[in-house]
Amino acid sequence: MFTRVFLFGAAAVFTTGAAFADCPAVTVADPMGVPAGAIPQQYELAEFEELANCKMTFSANPDIAALNSRIRGNPELPPLAERLPEEPLVYAPYHSIGKYGGTLRGMSNATESGTSDFLSTRHATLVRYLDDLQTIVPNVAKSWEWNDDFTQVTFVLRKGHKWSDGAPFSADDVKFWYDNLALDPKVIAKPRSGWLVAGERMTVDVIDPQTVRFNLPAPKPGLLALFASEGWGLSFRPKHFLGRYHPDLNPDADKLAQDAGFEDGLAVIAAYYGSTDWNDSPSPLLNSPDRVANLPADVVPTLESHITISDRATGRHFVANPYFHIVDTQGNQLPYINEQDEVYINDTEVRVLKLINAEVDYKSQSLELPTAPLLLENQEKGDYTIHLKPGISTPSFSFNVTSDNLEKRKVFGDFRFRQAMSVAINRDQINEVAFFGLGTPRQHIGFSPKPDFIDDKWLTYFTQYDPDMANSLLDEIGMVDTGGDGFRELPNGEKITLNIQFANQGIPLQVVELVANDWAEVGVQTTVKEVTPDEYRSAQSANLLDVGAWSRGVPLALTLGNNQEWVPPFSSFFGHRQGMLWGEWVQSDGGAGVEPPDYAKQLIDDIGAFQSAPIGSDEFNALGQRMVKNMTENLLFIGTVIGPLPIYHRNALKNFVEFQTQGHAYYRTYPYRATQWYFDE
């Protein structure tokens with residue numbers, strides 16, 4: 001998984017027209033006799049020229065100057081030779097050299113809701129996962145190397161790489177991101193746990209403009225997996241652009257900001273960058289014409305394949321980055337697709353109708369299996385294809401063990417209650433009704449899929465359908481029907497109704513309705529209300545939910561880089577959280593919130609040790625086994641059924657290959673190189 005990558009020199013010839021390159025049109029499907037390089041499906045330039053016995057000539061998208069003119073703040077384009085890195089990454093397209101042009105149409109739920117799927121099509125990180133979902137390969141970084149004990153990783157960047165506004169990209173941009181944004185409490189109150197190692201911050205050294213080194217306080221080989229799969233904070237940000245507004249870097253930052261109509265420099269950074277390290281935050285500057293004229297650009301420069309040029313309540317629009325660092329094997333600068341258009345549709349029926357009418361080119365996030373029959377039925381008519389691929393996360397439920405209602409907290413915190421509510425669920429019925437018999441009943445164990453060193457027994461822990469046991473356990477804890485209406489009260493006699501709020505982005509409606517009915521059958525009254533993802537997340541973060549309802553489960557490789565699924569509140573703002581007041585206690589070092597029980601504290605300790613232990617060692621396996629035992633045996637999250645999920649694409653979209661999974665874990669489309677997609681119609 002953690003490969004050392006060798007460096008190659010660079011030599012190239014540049015043109016600016018539609019000239020054909022001298023190198024062969026190597027694709028994954030037809031390598032044309034050219035041997036594979038050190039990394040499947042991609043090459044370093046000198047490596048490819050040596051293997052193909054050619055000298056590459058580069059050519060640009062003929063529309064790139066017009067696209068660049070729509071990026072406010074960008075200067076007139078220099079020649080292609082001054083835009084590409086001296087050492088561009090070379091992609092072998094899956095099936096054919098593409099055609100320039102067109103607009104990729106995507107569909108998300110709302111601003112910052114369900115947008116990661118579309119973001120993944122233009123994403124750029126230091127490294128990424130190959131489509132085998134096991135191998136990490138270079139991208140923005142040309143190479144990396146670990147020291148022997150995984151306490152130091154050194155990245156080598158591409159010489160001559162530039163931001164989308166033409167400014168040089170360098171190691172200073174990596175250090176600026178870490179020191180002055182992600183780990184600066186003036187910008188982000190609490191750093192993301194993934195960017196810490198054993199709870200401590202790393203240090204970042206700039207060796208030279210192309211070399212940056214992370215020094216870790218403890219071993220963490222999984223850090224590379226975090227860099228490869230992150231859709232949250234990119235591990236670099238433009239110092240030349242944002243640094244001018246940071247008071248630690250520019251003594252005139254506040255004056256510069258005030259001249260632009262902001263309170264101070266940090267307010268400008270908040271407007272451009274946000275306060276959560278989420279990479280896909282909208283830019284309010286695009287909608288503030290009275291202020292943008294005093295700032296250098298509408299959005300932060302990017303290394304991604306496309307950059308935002310409009311941001312509105314109904315969606316966003318993007319154009320190709322004229323400085324993108326990847327070319328195909330004939331020297332054509334990627335991306336092939338000129339523009340991207342993202343619309344916001346939160347209603348499931350409307351989304352499905354748009355897909356049937358082929359008004360979208362690609363979609364997977366928020367598509368649940370119950371929508372598949374209608375989509376499959378209309379494939380030929382709409383000239384699109386549906387692939388059913390394994391999901392990674394399992395629709396799961398949780399009970400708010402830190403509820404502000406102390407009587408509810410007492411019941412939800414009673415292990416017997418969680419046992420009862422788990423065995424009250426008829427998972428076989430859920431599988432037949434919501435998953436058409438294609439799913440598998442599954443308890444939430446933390447990891448998904450289950451690693452080999454974890455006992456299979458946890459997958460079925462309290463998943464049997466046993467309403468008699470559920471009734472007996474509820475009676476035992478004192479929840480009885482004192483009012484004679486067929487529904488149980490709390491032990492103190494207060495009426496209780498479980499108000500289940502859910503968003504279709506996180507869990508299928510059919511699953512929620514079936515589970516709510518099962519719980520009502522054992523005398524626990526429930527109501528079901530669909531809300532937007534933003535409404536759900538806000539209520540969850542405010543500790544207002546009785547019941548959490550969202551999918552959960554993370555692969556082992558990603559757990560090695562990110563501990564947040566194992567530390568209260570057990571996820572980020574965007575995921576399925578639980579024990580919000582436990583999380584507050586953890587984040588405040590015991591100064592606020594509610595102290596977690598010993599098993600939750602053990603999870604915190606174990607995940608840190610697990611990430612530092614040699615992978616596959618006895619210590620590693622023992623820690624992982626104890627983590628699963630503590631997570632599963634305490635039923636903090638109650639799993640239901642895992643099954644396949646749909647992936648949609650129009651047939652006119654070329655160089656599209658079937659994904660291995662449908663889900664967020666490896667960052668959706670990112671392993672499948674959407675920058676080499678193109679249209680043929």
Side-chain angles (χ1 to χ4, degrees), residues 71-75 111-112 163-193 195-196 201-204 206 232-304 307-313 316 534 537-538 541-542 572-574 584 587-589 591-592:
I71 306 171
R72 195 185 76 80
N74 265 24
T111 301
E112 295 189 271
W163 291 97
S164 58
D165 62 354
F169 165 66
S170 74
D172 283 328
D173 296 309
V174 179
K175 183 174 176 61
F176 168 69
W177 156 75
Y178 193 78
D179 288 349
N180 300 111
L181 296 178
L183 270 291
D184 187 339
K186 295 187 295 294
V187 177
I188 296 176
K190 285 289 183 180
R192 292 194 61 226
S193 58
W195 300 129
L196 302 174
R201 66 179 295 156
M202 301 179 280
T203 61
V204 182
V206 173
W232 266 81
L234 294 174
S235 43
F236 41 79
R237 289 287 179 167
K239 182 179 179 181
H240 75 280
F241 188 91
L242 290 175
R244 72 185 85 177
Y245 299 107
H246 200 297
D248 292 352
L249 302 178
N250 180 10
D252 297 323
D254 290 344
K255 183 181 183 303
L256 190 65
Q258 288 158 6
D259 289 344
F262 288 80
E263 180 180 355
D264 54 27
L266 292 175
V268 176
I269 291 176
Y272 273 126
Y273 179 70
S275 59
T276 62
D277 204 21
W278 168 231
N279 182 45
D280 208 26
S281 295
S283 174
L285 306 177
L286 281 166
N287 299 317
S288 305
D290 58 326
R291 296 200 307 187
V292 294
N294 296 317
L295 290 168
D298 295 327
V299 294
V300 177
T302 186
L303 298 183
E304 294 173 351
I307 184 169
T308 319
I309 61 166
S310 71
D311 193 340
R312 55 205 186 279
R316 293 181 289 183
D534 285 345
R537 289 162 172 159
S538 296
S541 296
S572 71
F573 171 79
F574 294 95
E584 187 177 341
Q587 292 164 8
S588 66
D589 296 323

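Judged by distance alone, the side chain of Lys186 and the main-chain N or O of Leu266 form no donor-acceptor pair under 3.5 Å. Side chain of Asp172 to main chain of Val206: no donor-acceptor pair is present (N/O by atom type, distance under 3.5 Å, no hydrogens or angles). For the pair Tyr178 (side chain) and Arg201 (backbone), a donor-acceptor distance under 3.5 Å is absent. A donor-acceptor pair under 3.5 Å is absent between the side-chain atoms of Asp259 and the main chain of Leu256, judged by distance alone. Of the possible donor and acceptor atoms, none in the side chain of Asp254 sits under 3.5 Å from a partner among the backbone N and O of Asp264. Judged by distance alone, with hydrogens and angles left aside, the side-chain atoms of Asp311 form no donor-acceptor pair with the main-chain N or O of Arg316 at under 3.5 Å.
Across Ala257 and Val268, no two heavy atoms sit closer than the pair CB-CG2, 3.5 Å. Shortest non-hydrogen contact noted between Gly243 and Leu249 is O-CB, 3.8 Å. Counting all heavy atoms, side chain and backbone alike, Asn74 lies closest to Ser164 at ND2-O, 2.8 Å. The minimum heavy-atom distance linking Tyr272 with Val300 is given by the pair CB-CG2, 3.6 Å. A pairwise comparison of heavy atoms in Pro296 and Arg72 identifies C-NH2, 4.1 Å as the closest pair. Here the closest heavy-atom approach between residue Ala182 and residue Ile188 is recorded as CA-CD1, 4.0 Å.
Interatomic distance, NE2 of His240 versus CG of Asp165, reported as 3.5 Å (0.5 Å rounding). Rounding to the nearest 0.5 Å gives a distance of 5.0 Å between CD1 of Ile307 and CD1 of Ile71. Distance CG/Asp248 to CG/Asp179: 10.5 Å, rounded to 0.5 Å. The CZ atom of Phe176 lies 9.5 Å from the CZ atom of Arg237; values are rounded to the nearest 0.5 Å. A distance of 8.0 Å separates NZ of Lys175 from CG of Asn180, quoted to the nearest 0.5 Å. For the atom pair OG of Ser538 and CZ of Phe573, the computed distance is 4.5 Å after rounding to the nearest 0.5 Å.
In this structure the side chain of His246 reaches within 4.5 angstrom of the side chain of Val187, judged on heavy atoms. In this structure, the side chains of Thr308 and Asp298 stay at 4.5 Å or more apart for every pair of heavy atoms. At a threshold of 4.5 Å between non-hydrogen side-chain atoms, the residues Trp177 and Leu234 do not count as touching. For the pair Ile269/Leu181, a side-chain contact is recorded, criterion being any heavy-atom separation below 4.5 Å from C-beta on.
No more than 12 heavy atoms of other residues, nucleotides or ligands sit less than 6.0 Å from atom CD of Glu263.
Separation of the Phe169 and Trp163 ring centroids falls under the 6.0 Å cut-off.
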Evaluate the criterion ring-ring contact (aromatic ring centres under 6.0 Å, His included) for residue pair Tyr245 and Phe262; output intermediate values, then yes/no.
-> CA-CA 11 Å; Tyr245 299 107; Phe262 288 80; 7.9 Å; no

